[in-house]
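Heads up, the thing below is written out as C-alpha cells.
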Amino acid sequence: MGDTATPRSSVAVGRPPFSPVISLITVAAVWDHRLHAALKDLGLTTRKYALLAHLQATPGISFSELARRSQITVQTAHTAVKILVGDGLAEDVTAHAGAASDLRVTDKGAGVLAEADRRLADLDREFADGIPDLTAALQGLHEQPFGMTLQES
C-alpha cells in the first residue's frame, strides 16, 4: 500500500487553453470543406479554383509566377495546369518546348470560374453574416499576414 501515484480521478481533466491558431485552423477546415462541396460539381477543387483565378487575373502568366502566387512549386504548377488544360478550362497559347508559356483561361474556363465566383460570394455572405467581427479582422490578411509572406514560414 505504499503506492504514491496520484489517483486518476484526482488529476484535473479539462480543456486545453484557448489557442487562436487552433481555432483559426478549425474554422478554416469547416469553410474549406464547404467551398470544396460548392465547387465539386464544377470539376474544381479549391486549388484548381485559385489557379484558374490567377490565370484569368493575369493572362500570359508564367509557370514560375503562377507557382509563386499560389505558394506551390513550379513542378506542381505544371501538373495542375496540365489538368486544367485537359479539362478544357485553360490553355498554353505557346505550348512548345523552349518558348515561354502564355497561360490563359478558355471560354469554358471563364464560364466555370464565373459560376465558382458566384458560389464563393454566397459562402462569403453567409460567413460575414454569421461572424461579422471575424470577417472584418480577416480583411487583407491573405495578402500580408502580419507583414510577412507565406513563403517565410
Go through the steps for Arg104 and Asp102 under the test salt bridge (charged side-chain N to carboxylate O under 4.0 Å, His left out), then give the verdict.
CA-CA 7 Å; Arg104 299 180 184 275; Asp102 187 1; 3.2 Å; yes
Can you tell whether the side chains of Arg119 and Asp122 come within less than 4.0 Å, N to carboxylate O?
no
Within the structure provided, determine whether Leu42 and Tyr49 are in side-chain contact (heavy-atom separation under 4.5 Å).
no
Within residues 64-92 or reaching into it, pairs that qualify as ring-ring contact (aromatic ring centres under 6.0 Å, His included) - sequence neighbours excluded
Phe63-His78
Considering non-hydrogen atoms only, spot the tightest contact between Leu123 and Ala38 and give its length.
CD1-CB, 4.2 Å
Considering only residues two or more places apart or on different chains, which pairs with a residue in residues 74-91 satisfy salt bridge (Lys or Arg N to Asp or Glu O under 4.0 Å)?
Lys48-Asp87
Counting C-beta onward and ignoring hydrogens, is there a side-chain heavy-atom pair between Ser70 and Leu51 closer than 4.5 Å?
yes
Which pair of heavy atoms, one from Val81 and one from Leu66, lies closest together, and at what distance?
CG2-CD2, 3.5 Å
Closest heavy-atom contact between Lys108 and Gly88?
CB-O, 3.6 Å
Taking all non-hydrogen atoms of both residues, which atom of Thr135 and which atom of Ala128 are closest, and how far apart?
OG1-CA, 3.2 Å
CG-CG distance between Leu52 and Leu89, expressed to the nearest 0.5 angstrom:
5.5 Å
Value for CG (Leu103) from CD (Glu65), rounded to nearest 0.5 Å, stands at 11.5 Å
Interatomic distance, CZ@Arg34 vs CG@Asp32, rounded to 0.5 Å, equals 12.0 Å
For atom CG of Asp41, decide whether the heavy atoms of other residues, nucleotides or ligands shown that lie under 6.0 angstrom number more than 12.
yes
Check Ala90 against Leu55 and note the closest heavy-atom contact, atom names and distance.
CB-CD1, 3.7 Å
Within the 3.5 Å criterion, strictly below it, is a donor on Thr76 or Thr79 matched to an acceptor on the partner's side chain?
no
If hydrophobic clusters are built by linking Ile, Leu, Val, Met, Phe, Trp and Tyr wherever their side-chain heavy atoms come under 4.5 Å apart, do Val27 and Ile22 end up in the same one?
no
To the nearest 0.5 Å, what is the distance between CZ on Arg47 and CD1 on Ile83?
10.5 Å
Looking at every non-hydrogen atom in both residues, tell me the closest pair between Arg69 and Ile61 and how far apart they are.
NH1-CD1, 3.9 Å
To the nearest 0.5 Å, what is the distance between CH2 on Trp31 and CG on Leu120?
10.5 Å
How long is the span from the CD1 atom in Ile25 to the OG atom in Ser19, to the nearest 0.5 Å?
7.5 Å
